[in-house]
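Start at 1 and go down the list; that is how both ligands and their atoms are numbered. No experiment lies behind these values; they were computed from the predicted model shown. For the single chain, residues carry numbers from 1 onward in sequence order.
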Amino acid sequence: MGVHEIEDAALLFVFGYHGAESHPIVARRIVRAKQKGAKIICVDPRRIETARIADMHLQLKGGSNLLLVNALANVILEEGLCDYDFIEKHANGFDEFKEVIKKYTPESVTAQTRVEAADIRKAARMYALSGRSMILYGMGVCQFGQAVDVVKGLANLAIMTGNFGRPSVGIGPVRGQNNVQGACDMGALPNVYPGYQSVTVPEVRAKFEKAWGVKLSDQPGFTLTMVPHQVLHETDPKKQVHAYYIMGEDPAQSDPDLAEVREALEKCDFVVLQDIYMNKTGQYADVILPATGWCEHDAVYSCCDRGFQKARKLVEPSGDVKTDWEIISLVSTAMGYPMSYKNTVEIWNEVIELCPGFAGATDEKIEKNVCVQWPCRSKEDHDKGTSFLHKDGKFAHPDGRAKFFATDWRPPLELENELYPLTLSTVREVGHYSVRTMTGNCRTLRNLEDEPGWIQMNPADCEVLGLAEGELVKVLSKRGYCITRCLPTGRVAKGAVYMTYQWWIGACNELTIGNFDPISKTPEYKYCACKVEKIEDQAWAEKHVREEYELIRGRMGIDMKEGRAA
Ligand SMILES: Nc1nc2c(c(=O)[nH]1)N[C@H]1C(S)=C(S)[C@@H](COP(=O)(O)OP(=O)(O)OC[C@H]3O[C@@H](n4cnc5c(=O)[nH]c(N)nc54)[C@H](O)[C@@H]3O)O[C@H]1N2
Ligand SMILES: Nc1nc2c(c(=O)[nH]1)N[C@H]1C(S)=C(S)[C@@H](COP(=O)(O)OP(=O)(O)OC[C@H]3O[C@@H](n4cnc5c(=O)[nH]c(N)nc54)[C@H](O)[C@@H]3O)O[C@H]1N2
Ligand SMILES: [Mo]
């Protein structure tokens, strides 16, 4: 669906998504939906902003998503709240689905989800009966070892209640970065060319081979998160990774289990970093290729709602930098495959020529209509793109029907235990962005919030350890430790702590675990076991943090004279 459709839903089911911190502009749409009379159900283990304006907050225990989703489906089935006509006309696999779901009664999941059976029943009824229910989900779904199954579980809810194929319904992954959708659209995935065309389909491969005048492999590559394993532990020489070309990513800050990432970067024979700032990974790079930032070049972005939008160059870049596409062209030319694009429009024309789903999204059309959502197949003016998918119940499977898919819940890999009694979940904060190269280089934002960040803890857990707000603490897991500040808050449940992954010193990825969803290969950033230790010598700790910060800022080339932390 289009982002604007959020406002007109009759019910918003916000599941593991914290718009107020992550996407304040999208969050405005949620507030407006509320003002227009929508009901809101928030499913989050924390009392986030959405929970405060919601009609229901299901404060489940982290890691229990699929139990809750299956139990919601169970109620919808048991109480006959399905849209049977929609199911019959547009879906397959209903009987097998019912078989799996029937044991997930609300009572059977209460102990593990910590959500009352009566609340599960009430939420299921509200979702099924609103007439226009829209699901929004985020990293609270995706960052688990069992992630894709939960997405399919949410899709089941939408199929069984006929909430697909009309405006303001459906299931919306509110994708992370401003152009993460675009990166996928352009084929920055291991198994597809641009336009989601599979590398294993011979006709597709033949088309790209002809267009590019090369021979292409029929084997999918690796996902980013698999690289440390492919460098350190792969025994098949054909699958070992020896060189790593990193463009716009900082694995030494953003990947799980940083000790392992550092080992891999050190062992890798050749590392290239193409970035607009120095970052932690840059310290392991053999070559650094400096690129221009977003207002220094022309570009096309895809929003999370599949909308192509143009971004224009506003300022002339200064210093020894080039645009990303020029750098790629030069490297390619030097390696023996000449590329001679003159501008981004030329590149865009090649994209739409090779991708049937984007074929109609011409540069002129995006220019004229501001935003064109794919699929847009015809260059004719009348094809303005597609606001919502699955119109008239037509789905992407070859027979045009949706498919129910249900499976059993799997617990997270590393559960709380005697040595590490707390669960750690890692999230975002509004004032800083991902690996903080961009916002950490901005003095105003640093003045609002600076190293070493915070750990959100329930006041009862703080009391046990004798911790006060602002005190520096040591957080440890089986894999490493870091130092951060204690933030007592009733927004989180007892036994569960939360850190944001933006901090270089309070770097929670020293602690996180490399457990991956088998399909998406997304790490379990939202669950591992940890413990918090009091630091008796606070003066030492404050000095240590200051010194570490100066060291890192020195390596990153951030001017030490201005904007020093107070
Ligand atoms: N200011 C700022 N904005 C950002 C970013 C940033 O770094 N800073 N990063 C961008 C990126 S890359 C992304 S991907 C998006 C992500 O944006 P969101 O999807 O909102 O990501 P998170 O805040 O990590 O997690 C969402 C919620 O999941 C909840 N959660 C944790 N465990 C569970 C669970 O077991 N079940 C459920 N149902 N919920 C759970 C958390 O409490 C949290 O409130 O934000 C983007 N926007
Ligand atoms: N613990 C924990 N870890 C997480 C997460 C979590 O929730 N918890 N979230 C994960 C998620 S969802 C994401 S998306 C990742 C994000 O992690 P990363 O992708 O590593 O972080 P970003 O800050 O988005 O940007 C990476 C680099 O891109 C550079 N960059 C910005 N613009 C450009 C450009 O135009 N060209 C080039 N060449 N470079 C540019 C930045 O300077 C930065 O160094 O982190 C993941 N890591
Ligand atoms: Mo993300």
Only one of Arg47, Arg52, Arg46 passes salt bridge (charged side-chain N to carboxylate O under 4.0 Å, His left out) with Glu49; say which it is. Arg52

How close does the nearest protein non-hydrogen atom get to atom 13 (C) of ligand 2, and which residue and atom is it? Tyr501 OH, 3.8 Å

I'd like to know if the side chain of Asn279 pairs up with that of Gln253 as donor and acceptor (distance under 3.5 Å, no hydrogens or angles considered). no

One pair to check against side chain to side chain donor-acceptor pair (under 3.5 Å): Tyr196 and Asp185. What are the steps and the verdict? CA-CA 7 Å; Tyr196 305 95; Asp185 291 354; 2.5 Å; yes

Would Met499 count as a contact residue for ligand 2, given that I'm defining contact as a non-hydrogen atom of the residue lying under 4.0 Å from a ligand atom? no

Per-atom contacts, ligand 2 versus Thr426 - under 4.0 Å to a heavy atom: 1 (N), 2 (C), 6 (C), 7 (O), 8 (N)

Please state which part of Glu21 comes within less than 4.0 Å of ligand 1, counting heavy atoms only: side chain, backbone, both or neither. backbone

Let me see the working for Trp409 and Asn65 under side-chain contact (heavy atoms from CB on, under 4.5 Å), right down to the final yes or no. CA-CA 8 Å; Trp409 173 70; Asn65 283 337; over 6 Å; no

Looking only at non-hydrogen atoms, the one of Arg436, Glu429, Arg428 nearest atom 11 (C) of ligand 1 is Arg428

Using a heavy-atom cut-off of under 4.0 Å, does the side chain or the backbone of Ser425 touch ligand 1, or both, or neither? side chain

Within 4.0 Å of some non-hydrogen atom of Gln502, the atoms of ligand 1 are 6 (C), 7 (O)

Residue and atom name of the nearest protein heavy atom (relative to atom 47 (N) of ligand 2), distance in Å to one decimal: Ser254 O, 2.7 Å

Against heavy atoms of Cys508, which atoms of ligand 2 measure under 4.0 Å? 1 (N)

Pick one of side chain, backbone, both or neither for how Met139 approaches ligand 1, counting any non-hydrogen atom pair under 4.0 Å. both

What residues form a ring pair (Phe, Tyr, Trp, His ring centres under 6.0 Å) with His229, not counting sequence neighbours? His233

Test of proximity, Gly63 against ligand 1: N or O pairs below 3.5 Å: yes

So Met126 and Asp55, side-chain contact (heavy atoms from CB on, under 4.5 Å) or not? Walk me through it. CA-CA 10 Å; Met126 281 168 70; Asp55 297 273; 4.2 Å; yes

Say whether Arg46, considering both its backbone and side-chain N or O atoms, lies within less than 3.5 Å of an N or O atom on ligand 1. yes

Heavy-atom pairs closer than 4.0 Å: do any link ligand 1 to the side chain of Phe144, the backbone, both, or neither? side chain

For Trp454, check ring pair (Phe, Tyr, Trp, His ring centres under 6.0 Å) against everything at least two apart and list the hits. none

Report the part of Val427 in contact with ligand 1, treating N, CA, C, O as backbone and CB onward as side chain, heavy atoms under 4.0 Å; options are side chain, backbone, both, neither. both

Which ligand 2 atoms, with their elements, are less than 4.0 angstrom from a heavy-atom of Tyr433? 24 (O)

Assess the side chains of Tyr17 and Asp44: does a donor N or O sit below 3.5 Å from an acceptor N or O? no

